[in-house]
Amino acid sequence: MTVLDEILNSPDIPIGTKLKVESLDKLGKEALNAYYDENSDFYRHARTEALIKKFYANPEEITYLYHYTSYETLKKIVSGQKFFLGSIHHMNDVQEMTYTLQLLEKEFMQLDAPQTLLNELKAMKNKLPWDVYIWCFSENDHSQSLSNYGEIALGLKNQNVMNTLATRFSGGAETLDDFSPGNAYVFLLKVEYNLQTQTEYIKPIAKVWVSAYKNLCKDPEDMKSLILDCVQAVYLCSLCFKSRYLRQEEEIRYLVIKINGNHDLNPDFYLNHKPFVSCELKPAILDKVILSKKIATKLDEIRDFLHDNKFDSTKIESTKLPY
């Protein structure tokens, strides 16, 4: 007996609901069962709780984060005591947000998804939540590949960054239930580059989505609910899945997802026609500055600059890389 059968055998389930579920084809019933069965691939890979558990970069486990940048940017951050988060839709790789949808489309085609569903998926590429901002980090404090992004690595205490962002974007709301348009959710996610792992999560989502889509006319309420859960799971995956060819970035990212009832951007400001939000950077957050060989000769100059801007507790180190 499946978990779905056990649920339907309950006297609390209305007869109308039972009849709708019984009208589903085999795949439709399997999809609905996968939603409730804690041992199913869908339950273990698609539910928000499972995704967060897998990809959340817990500040208690990852205590320090490093942001690679230039000396000029460091001066702007320190003198203004602010850091900026750019729109996720205005990053270097404009296809990043659609990468996961491409994986999903591949699975859809293998499942012989209806053309109408494939068309809707293509339309989704223009309907992803827009008002999302990102700040990129790494656990690696001495990375040769990441030094291409700048000659300085800023070392920050992860928990302090989380507390600062959460306070800034909660808008005074004490719980998530109190959030409303104008507030923003703050997530810290580890980017997943392994294609096998990505496929492991996308496959069960695609299977349930296609099955639910094919049974929409038989049980619209339940099938629409399943599809909505699939959409949410794919969106969350799209925030942390990247091509394996970029794995040298070793990225951990803070995401600020603003709540609004439309498809508009609500940044704090625009810089070079790109949207940004900002957050205060207190001296206590910037724990250390690591200098590459390219800028090591400016150590005293940088120390004086930090001192002049009240960042006296910020440590300065030279990279451990040989060159």
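Keep in mind that the numbers below use all heavy atoms, side chains included, and drop hydrogens, waters and symmetry copies. This structure is a prediction, so every number in the text was calculated from the model and none was measured.
Within the 3.5 Å criterion, the main-chain N or O of L286 finds a donor-acceptor partner in the side chain of T314. Of the possible donor and acceptor atoms, none in the side chain of N215 sits under 3.5 Å from a partner among the backbone N and O of L24. Not one N or O on the side chain of K242 forms a donor-acceptor pair closer than 3.5 Å with the backbone of V191. A donor-acceptor pair under 3.5 Å is formed between the side chain of S170 and the backbone N or O of T167. Listed for the Y254 side chain is a donor-acceptor partner under 3.5 Å among the backbone atoms of M162. Checking side-chain atoms of N183 against main-chain N and O of S180 turns up a donor-acceptor pair under 3.5 Å.
Under the 4.5 Å side-chain contact rule for hydrophobic residues, I152 and L321 do not share a cluster. There is a path of hydrophobic side-chain contacts, each under 4.5 Å, that joins L4 to I13. A single hydrophobic cluster is seen to contain both V132 and Y56, as judged by linkage of ILVMFWY side chains at heavy-atom distances under 4.5 Å, directly or through other members. Note on F179: it clusters hydrophobically with F187, by side-chain heavy-atom contacts below 4.5 Å among ILVMFWY residues. Criterion: ILVMFWY side-chain heavy atoms under 4.5 Å apart, direct or through other members. Under it, Y43 and L51 are not part of a common hydrophobic cluster.
Between C136 and Y68, the closest side-chain pair of non-hydrogen atoms is not below 4.5 Å. In this structure, the side chains of L306 and I302 come closer than 4.5 Å at one or more pairs of heavy atoms. V289 places none of its side-chain heavy atoms less than 4.5 Å from the side chain of F311. Side-chain atoms of H142 and Y66, non-hydrogen and from C-beta on, never get closer than 4.5 Å to each other. Within the 4.5 Å cutoff, the side chain of V256 has no heavy atoms near those of the R168 side chain. Looking only at side-chain heavy atoms (C-beta outward), V3 and N39 stay at 4.5 Å or farther from each other. Residues Q159 and N163 have side chains in contact (heavy-atom distance under 4.5 Å, counting atoms from C-beta outward). Between E192 and F55 there is a side-chain heavy-atom pair separated by less than 4.5 Å.
In this view, R47 satisfies the salt bridge (Lys or Arg N to Asp or Glu O under 4.0 Å) rule with no residue, not counting sequence neighbours. Taking the salt bridge (Lys or Arg N to Asp or Glu O under 4.0 Å) definition, one finds that E317 meets it with K288, sequence neighbours left out.
Smallest separation of non-hydrogen atoms from Y71 and E151: N-OE2, 3.2 Å. Of all heavy-atom pairs between Y193 and S243, the closest is CD2-O, 3.4 Å. Looking at every heavy atom in both residues, V210 comes nearest to A113 through CG2-CB, 3.9 Å. Contact record, R44 with Y201: O-CE2, 4.4 Å, taken as the closest heavy-atom pair. Closest of all the heavy-atom pairs between S292 and T319 is CA-CG2, 3.8 Å. Nearest approach of L265 to P275, heavy atoms of both residues: CD1-CG, 3.8 Å.
Around atom NZ of K310, no more than 12 heavy atoms belonging to other residues, nucleotides or ligands sit under 6.0 Å away. Remark: Y245 OH is loosely packed, at most 12 non-hydrogen atoms of other residues, nucleotides or ligands lying under 6.0 Å away. Within 6.0 Å of CD on Q196 lie no more than 12 heavy atoms contributed by other residues, nucleotides or ligands. By the neighbour-count criterion of 12 heavy atoms within 6.0 Å, atom NZ of K282 is sparsely surrounded, having that number or fewer from other residues, nucleotides or ligands. Applying the 6.0 Å contact sphere to CD of E60 captures no more than 12 heavy atoms from other residues, nucleotides or ligands. More than 12 heavy atoms of other shown residues, nucleotides or ligands fall within 6.0 angstrom of atom NZ in K218.
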### Query
Hey, mind stepping through L236 and I52 against side-chain contact (heavy atoms from CB on, under 4.5 Å) and telling me if it holds?
CA-CA 9 Å; L236 187 53; I52 293 296; 4.0 Å; yes
### Task
Test N33 against S40 for side-chain contact (heavy atoms from CB on, under 4.5 Å), laying out the working first.
CA-CA 8 Å; N33 184 72; S40 73; 5.8 Å; no
### Query
Which is it for Y133 and F169 under the ring pair (Phe, Tyr, Trp, His ring centres under 6.0 Å) test, yes or no, and what are the steps along the way?
CA-CA 12 Å; Y133 303 85; F169 292 103; 7.9 Å; no
### Message
Could you walk me through whether E105 and L101 satisfy the side-chain contact (heavy atoms from CB on, under 4.5 Å) test, starting with their C-alpha distance in whole Å, then the side-chain angles of each, then the deciding distance to 0.1 Å, before giving a yes or no?
### Response
CA-CA 6 Å; E105 183 178 18; L101 296 183; over 6 Å; no
### Query
After noting the C-alpha distance and the side-chain angles of L121 and L117, does the key distance pass the side-chain contact (heavy atoms from CB on, under 4.5 Å) rule?
CA-CA 6 Å; L121 179 61; L117 177 54; 5.7 Å; no
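Between the side chains of S225 and D222, no donor-acceptor pair is found at a separation under 3.5 Å. Checking N119 against T116 by side-chain atom types alone, no donor-acceptor pair falls below 3.5 Å. N272 and Y270 share no donor-acceptor pair across their side chains, judged by distance under 3.5 Å alone. With 3.5 Å as the limit, one finds a donor-acceptor pair spanning the side chains of Y64 and D287.
For the atom pair CZ (F83) and CG (L154), the distance works out to 11.0 Å, reported to the nearest 0.5 Å. Distance check: L271 CG to K274 NZ gives 9.0 Å after rounding to the nearest 0.5 Å. The distance from the CZ atom of R244 to the CG atom of L195 is 5.0 Å, given to the nearest 0.5 Å. Note: C240 SG to I252 CD1 = 12.0 Å, rounded to the nearest 0.5 Å. Distance check: T17 OG1 to L8 CG gives 9.0 Å after rounding to the nearest 0.5 Å. E301 CD to I295 CD1: the interatomic distance, rounded to the nearest 0.5 Å, is 7.5 Å.
Aromatic ring centroids of F84 and F269 lie under 6.0 Å apart. No close placement of the F108 and Y213 rings is indicated, their centers lying 6.0 Å or farther apart. F241 and Y99 have their aromatic ring centers separated by at least 6.0 angstrom.
Contacts classified as salt bridge (charged side-chain N to carboxylate O under 4.0 Å, His left out) and involving residues 6-29 (residues at least two apart or in different chains) are given here: E22-K29, K26-E30.
Ion pairing of K82 with D268 is absent here, as no side-chain N (NZ or NE/NH1/NH2) approaches a carboxylate O to less than 4.0 Å.
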